K.L.:
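Below you'll find the structure I mean.
Letters A, B, ... are given to chains in the order of the sequence lines, protein chains preceding strands, and every chain is numbered from 1. For clarity, every value in this text was computed on a predicted model and none was experimentally measured.
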Number of protein chains: 2
Amino acid sequence: MNQHLKGSLSTIILKLLHDNGRMYGYEITQKVKELTQDDIQITEGALYPILHKLEAEEVLTAETEKVDGRVRKYYKITPKGNAVAVDRIAELKAFAENLNLILNPKLSLS
Amino acid sequence: MNQHLKGSLSTIILKLLHDNGRMYGYEITQKVKELTQDDIQITEGALYPILHKLEAEEVLTAETEKVDGRVRKYYKITPKGNAVAVDRIAELKAFAENLNLILNPKLSLS
DNA sequence: TTTGGATGCATAAGAAAATTATGTATGTTT
DNA sequence: AAACATACATAATTTTCTTATGCATCCAAA
């Protein structure tokens with residue numbers, strides 16, 4: 001995985017769930033791959049523990065479904081979790097803007 | 001500190017040193033504060049171990065100076081370290097762009 | 001037909017990278 | 001004198017990820 005992703009991964013997951021309403025783990029990994037043109041690959045060892053933690057914190061709820069013979073575990077944001085998600089997404093946006101400020105500092109025109 | 005900073009911190013330090021040539025630790029913390037309008041505060045417990053590690057890897061070299069009665073440890077990127085720095089900064093830029101793609105997904109116009 | 005690849009979830013051991021707390025020291029401001 | 005800013009350092013702990021492994025199903029290719 002991209003080392004710069006550290007710390008941002010759980011918020012990215014919340015963002016995708018916030019946008020898409022209901023997703024399962026594997027779908028999240030594919031969506032991130034697609035959005036970033038294969039640049040970001042979420043590993044399972046990182047993904048599932050985060051989903052379980054968010055579920056334990058009641059930010060997410062899960063429902064298992066069998067689709068085409070395979071089990072999928074669908075996650076969505078709880079009403080209670082929505083405030084948390086919105087907050088963290090706003091922080092991630094602010095962070096992205098700060099990154100841009102650092103990476104493309106304005107020339108001093110003095 | 002901003003939790004999303006995790007993982008990006010060492011590259012941010014390299015970026016500042018790459019832009020400014022020569023900086024000491026405290027100066028780096030102040031520069032990041034300034035650039036991000038107080039949004040990002042680098043803690044000392046994160047900063048100094050990173051500087052020491054980069055020095056051990058010979059990406060940075062350090063020189064101690066006494067200025068106005070206080071000791072400062074100035075760091076700069078080594079010739080060898082420059083390639084590493086340029087690489088990581090490019091990766092951080094790519095990451096920032098990926099973040100934007102995730103945070104502001106294009107509407108599907110199908 | 002069986003092998004490999006994609007789909008799908010899970011977890012354990014270890015490493016990496018931060019937080020939090022603490023310590024030292026000097027200079028400046030109140 | 002106390003508080004705050006400047007300046008560096010590190011130890012213990014926690015968070016978070018990597019790497020490896022395991023299980024199971026479906027589909028395509030050989």
K.L.:
Do the charged groups of A/Lys53 and A/Glu57 touch, with an N to O distance under 4.0 Å?
P.N.:
yes

K.L.:
Salt-bridge test for B/Glu65 and B/Arg22: reply yes if a basic N is under 4.0 Å from a carboxylate O, no otherwise.
P.N.:
yes

K.L.:
Can a salt bridge be assigned to the pair B/Glu63 and B/Arg72 using a cut-off of 4.0 Å between side-chain N and carboxylate O?
P.N.:
no

K.L.:
How close or far is atom P of C/dA18 from atom CG of B/Leu5, stated in whole angstroms?
P.N.:
7 Å

K.L.:
To the nearest Å, give me how far apart CD1 (B/Ile42) and P (C/dA17) are.
P.N.:
15 Å

K.L.:
Find the distance B/Lys6:NZ to D/dT13:P and express it as a whole number of Å.
P.N.:
17 Å

K.L.:
For atom CG of A/Asp68, is the number of surrounding heavy atoms from other residues, nucleotides or ligands below 6.0 Å larger than 12?
P.N.:
no

K.L.:
Heavy atoms within less than 4.0 Å of DNA chain D: which residues of residues 52-71 of chain A have one? Give them sorted by number.
P.N.:
A/Lys53, A/Asp68, A/Gly69, A/Arg70

K.L.:
Return the value, rounded to whole Å, for the distance between atom CZ of B/Arg72 and atom C1' of D/dA7.
P.N.:
9 Å

K.L.:
Would you mind classifying the nucleic acid contact of A/Glu44 as base, sugar-phosphate or nothing, using non-hydrogen atoms under 4.0 angstrom?
P.N.:
base

K.L.:
Base, sugar-phosphate alone, or nothing: which one does A/Leu47 contact when heavy atoms must sit under 4.0 Å apart?
P.N.:
nothing

K.L.:
For DNA chain D, which residues of residues 92-103 of chain B approach it to below 4.0 angstrom with any heavy atom?
P.N.:
none

K.L.:
Return no unless some side-chain N or O of A/Tyr24 is found under 4.0 Å from OP1 or OP2 of C/dG8.
P.N.:
yes

K.L.:
Determine, step by step, whether A/Ile42 and A/Lys33 satisfy the side-chain contact (heavy atoms from CB on, under 4.5 Å) criterion, reporting the C-alpha distance in whole Å, the side-chain angles of both residues, the deciding distance to 0.1 Å, and the verdict.
P.N.:
CA-CA 8 Å; A/Ile42 301 182; A/Lys33 260 187 75 171; over 6 Å; no

K.L.:
Do B/Ile102 and A/Leu92 have side-chain heavy atoms sitting under 4.5 Å apart?
P.N.:
no

K.L.:
Under 4.0 angstrom, heavy atoms only, what part of the nucleic acid is B/Gly25 near: base, sugar-phosphate, or nothing?
P.N.:
sugar-phosphate

K.L.:
Evaluate salt bridge (Lys or Arg N to Asp or Glu O under 4.0 Å) for A/Lys31 paired with A/Glu27, printing each intermediate quantity in order.
P.N.:
CA-CA 6 Å; A/Lys31 188 70 183 177; A/Glu27 187 184 9; over 6 Å; no

K.L.:
Given atom CD of A/Gln3 and atom P of D/dT15, what is their separation to the nearest angstrom?
P.N.:
21 Å

K.L.:
How many whole angstroms separate atom CD of B/Gln41 from atom P of C/dT19?
P.N.:
12 Å

K.L.:
Tell me, do B/His18 and B/Ile89 make a side-chain contact under 4.5 Å, heavy atoms counted?
P.N.:
yes

K.L.:
Please report, rounded to the nearest Å, how far the P atom of C/dC9 is from the CG atom of A/Leu51.
P.N.:
9 Å

K.L.:
Under 4.0 Å from OP1 or OP2 of C/dA10: is there any side-chain N or O of A/Tyr48 that close?
P.N.:
no

K.L.:
Pick from B/Asp39, B/Thr36, B/Leu99: which one makes a side chain to side chain contact (heavy atoms under 4.5 Å, CB included) with A/Phe95?
P.N.:
B/Leu99

K.L.:
Starting from C1' on D/dT18, measure out to CG on A/Leu9 and report it in whole angstrom.
P.N.:
12 Å

